[in-house]
Amino acid sequence: MAPKGILGAFSTAMNLILEGKVKETVHNAFWDHLKEQLSATPPDFSCALELLKEIKEILLSLLLPRQNRLRIEIEEALDMDLLKQEAEHGALKVLSLSKYVLNTMALLCAPVRDEALQKLENITDPVWLLRGIFQVLGLMKMDMVNYTIQSLQPHLQEHSIQYERAKFQELLNKQPSLLNHTTKWLTQAAADLTMSPPTCPDTSDSSSVAGPSPSEAVNNPEPLSPTMVLCQGFLNLLLWDLENEEFPETLLMDRTRLQELKSQLHQLTIMASVLLVASSFSGSVLFGSPQFVDKLKRITKSLLEDFHSRPEEAIMTVSEQVSQEIHQSLKNMGLVALSSDNTASLMGQLQNIAKKENCVRSVIDQRIHLFLKCCLVLGVQRSLLDLPGGLTLIEAELAELGQKFVNLTHHNQQVFGPYYTEILKTLISPAQALETKVESV
């Protein structure tokens, strides 16, 4: 007997298919009925009038408040009382009205709908034309919904910021010690910057740009500032045990997202380490091919899913697959394949990446953290201009990680910036501070 879960899923799928078939059948029956009405002698315009009334309502709903002239024009052209009189005398020009609707839609639609409207212009059958009009109007309604959401997004975001801050303040009023862990977190970040300023990894093989590089701009020794302390604090969270009971109160709602970012960072560290080691054995010919690099990425990513629980076994499988792929690709290109000694050395170096203290892995990890710091200070796009060595092969993945990290920290600073400012005033002396308040990076 089949499991209940499978039967339930099958039943649901069949119901959805049947529901879709029923809707399609009813839909087709309606248009067939409309065709019969218009083809009758004398024609019956009852369905056509209902359609024109609905079309008029949709067109009016798509207008912006300032489009008063067009609103008046639509009201006059699709005056339902007048159209009913024309229908009663058998003089309703459905095709002519449909063409008017089509021209009006062309004034209101987004450029992406131009092609669909152009196809409708050549239709002379009023039923098919009306059917096509309704299909495109449905798309235009969705376009308007999306436009409205985008327009409201800044206002919704500002409301969300104010709401979150107000709710946190209510909790703080009841629990004055609610910022203790946040204060400790920022205190540690300030101490980290004071005791051991970050150093810039060698970026000699990265592309050069005019002026100071992002890494130089980030690591240039400067007095402590609130923004730099916050950046260090956010970076420290990626090294924390996120189950720590002393987790900053202001970031509790972001703990899950931080865990996801931490996992993504870890995966990229291993992937970049694998690619760096592999490239040293296969040269620029193979790694000059984006297709080859993408294939190695896919192989590595799929095999690293169990790395957290079984690192040695996972990296063993990766080393076998990667060495085989390099060997076969060199052979297919007519190049000298890896010798048995080189293959053994490659696999050995790849397997060593499973160790946390592995040199390649440590350097890559430091460089990814430096990149993320650049993202917080300078933005993702500028940071990508000067990637440290070993990271260029994962540029797209780094851009995604960096943008997620920036988005999370930016929203957090917008909500809790006033609290951070007050805490940092006690940590940074006026002589050191370059800023009077926390700025969103």
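Just so you know, these numbers use all the heavy atoms, side chains as well, and skip hydrogens, waters and symmetry mates. This is a predicted model, so every value here is computed, not measured.
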Salt-bridge contact [X]-[Y] (side-chain N to carboxylate O under 4.0 Å):
| X | Y | value |
| --- | --- | --- |
| E400 | K404 | yes |
| K99 | E121 | no |
| E164 | K167 | no |

Just by distance, with hydrogens left out, do [X] and [Y] show a side-chain donor and acceptor under 3.5 Å apart?
| X | Y | value |
| --- | --- | --- |
| Q232 | N236 | yes |
| T182 | Y420 | no |
| S289 | Q291 | yes |

* Counterpart residues, ring pair (Phe, Tyr, Trp, His ring centres under 6.0 Å), relative to F234 (two or more places apart) ->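 F234 satisfies ring pair (Phe, Tyr, Trp, His ring centres under 6.0 Å) with W185 once adjacent residues are dropped.
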* Carefully, step by step, assess S225 and I428 under the rule side-chain contact (heavy atoms from CB on, under 4.5 Å). => CA-CA 7 Å; S225 71; I428 304 174; 5.8 Å; no
Using the test side chain to side chain contact (heavy atoms under 4.5 Å, CB included), find all partners of [X] that sit at least two apart in sequence or belong to another chain.
| X | answer |
| --- | --- |
| L82 | D79, Q85, E86 |
| N146 | none |
| E246 | H181, K184, N244 |

* NZ or CZ of R255 within 45° of F247 ring axis and under 6.0 Å ->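 That pair qualifies as a cation-pi contact.
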* Nearest heavy-atom neighbours spanning A87 and L49 ->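 Closest heavy-atom pair between A87 and L49: CB-CD1, 3.8 Å.
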* Residues in salt bridge (Lys or Arg N to Asp or Glu O under 4.0 Å) contact with E397, at least two apart in sequence or another chain ->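 Listed in chain order: K297.
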* E325: what forms a salt bridge (Lys or Arg N to Asp or Glu O under 4.0 Å) with it, not counting sequence neighbours? ->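 Once residues adjacent in sequence are excluded, the partners of E325 under the salt bridge (Lys or Arg N to Asp or Glu O under 4.0 Å) criterion are K295.
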* Applying the side chain to side chain contact (heavy atoms under 4.5 Å, CB included) test to L304, which of V318, T317, V274 qualifies? ->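 Going through V318, T317, V274 one by one, the side chain to side chain contact (heavy atoms under 4.5 Å, CB included) with L304 is satisfied by V318 alone.
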* To do: For M80, look at atom CE and say whether over 12 heavy atoms of other residues, nucleotides or ligands are found less than 6.0 Å away.
  =>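 Correct, the count exceeds 12.
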